[in-house]
Amino acid sequence: EDKVVQSPLSLVVHEGDTVTLNCSYEVTNFRSLLWYKQEKKAPTFLFMLTSSGIEKKSGRLSSILDKKELFSILNITATQTGDSAIYLCAVQFRGSTLGRLYFGRGTQLTVWP
Amino acid sequence: DAGVIQSPRHEVTEMGQEVTLRCKPISGHDYLFWYRQTMMRGLELLIYFNNNVPIDDSGMPEDRFSAKMPNASFSTLKIQPSEPRDSAVYFCASTRDTFYNEQFFGPGTRLTVL
């Protein structure tokens with residue numbers, strides 16, 4: 001059973017739209033949640049969230065964590081074609097497998113001009 | 001820093017052959033991870049090392065897969081014998097420590113087993 005679930009699996013929008021990507025996780029000694037962007041190559045790091053309710057922001061991208069409801073969202077405003085990518089959510093849990101990240105299946109975002 | 005280095009970038013082989021993938025982590029990073037990515041299963045952790053010692057190999061599919069880290073700057077993932085279902089992109093990643101846990105990924109090796 002997947003520990004990290006992302007939705008939607010895919011999303012197609014037009015330039016200028018705002019999108020919200022979702023990531024939910026099961027509760028088992030949660031430590032941190034990370035967002036990655038994967039274009040044609042390797043995933044690249046976007047954000048790490050550990051505290052509930054505190055928004056992380058970078059340009060048009062922002063993310064927030066809700067530890068009570070066990071989810072995070074990634075918002076992208078004024079989307080551009082360069083935002084087309086797979087967005088991956090990963091969670092780290094405390095315990096014996098400290099260091100390991102559990103990845104979701106990802107959301108494939110396509111932005112049309 | 002050059003980032004995480006992987007070789008080869010592409011590998012095409014025939015079923016039954018041995019395949020060896022290589023990884024050089026970022027200098028100073030104590031953790032090294034091997035992942036496999038497919039359309040069907042997404043990004044899966046195969047094994048990870050801390051200070052060259054394997055910590056969790058529960059993701060290694062079966063005995064055909066083995067990984068070593070003889071020193072802090074080099075790791076290999078070996079598949080012997082390879083099968084068509086092993087076709088995937090294999091990523092190596094490293095991180096300084098688990099507190100930060102921003103894993104830096106290499107460019108990946110695209111493996112095709114015919």
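No hydrogens, no waters, no symmetry mates; every other heavy atom, side chains included, goes into these values. We name chains A, B, ... by the order of the sequence lines, and we start the count at 1 in each one.
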Does atom [atom1] of [X] have more than 12 heavy-atom neighbours, drawn from other residues, nucleotides or ligands, at distances under 6.0 Å?
{"X": "A/Lys41", "atom1": "NZ", "value": "no"}
{"X": "B/Arg110", "atom1": "CZ", "value": "no"}
{"X": "B/Asn71", "atom1": "CG", "value": "yes"}
{"X": "B/Glu14", "atom1": "CD", "value": "no"}

What part of [X] is in contact with chain A, defined as an atom under 4.5 angstrom from a non-hydrogen atom: side chain, backbone, both or neither?
{"X": "B/Phe104", "answer": "neither"}
{"X": "B/Met39", "answer": "neither"}
{"X": "B/Arg41", "answer": "backbone"}
{"X": "B/Glu44", "answer": "neither"}

Would you indicate whether the side-chain heavy atoms of [Y] and [X] approach each other to under 4.5 Å?
{"X": "B/Gln103", "Y": "A/Tyr36", "result": "yes"}
{"X": "A/Leu101", "Y": "B/Tyr48", "result": "no"}
{"X": "A/Gln38", "Y": "B/Phe91", "result": "yes"}

Please report the closest heavy-atom contact between B/Pro107 and A/Ala42, naming both atoms and the distance.
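Distance-wise, the nearest heavy atoms are CA-CB, 4.3 Å.
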Looking only at heavy atoms, what is the nearest atom pair of B/Asp56 and A/Arg100, with distance?
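Minimum heavy-atom contact is OD2-NH1, 2.9 Å.
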Do [X] and [Y] sit in one hydrophobic cluster, given that two such residues count as connected whenever their side-chain heavy atoms are within less than 4.5 Å of each other, even indirectly?
{"X": "B/Ile79", "Y": "B/Leu43", "value": "no"}
{"X": "B/Val4", "Y": "B/Leu77", "value": "no"}
{"X": "A/Leu21", "Y": "A/Val5", "value": "no"}

Engaged part of A/Ile86 at the chain B interface, taking heavy atoms whose separation is under 4.5 Å:
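Neither the backbone nor the side chain of A/Ile86 comes within 4.5 Å of chain B.
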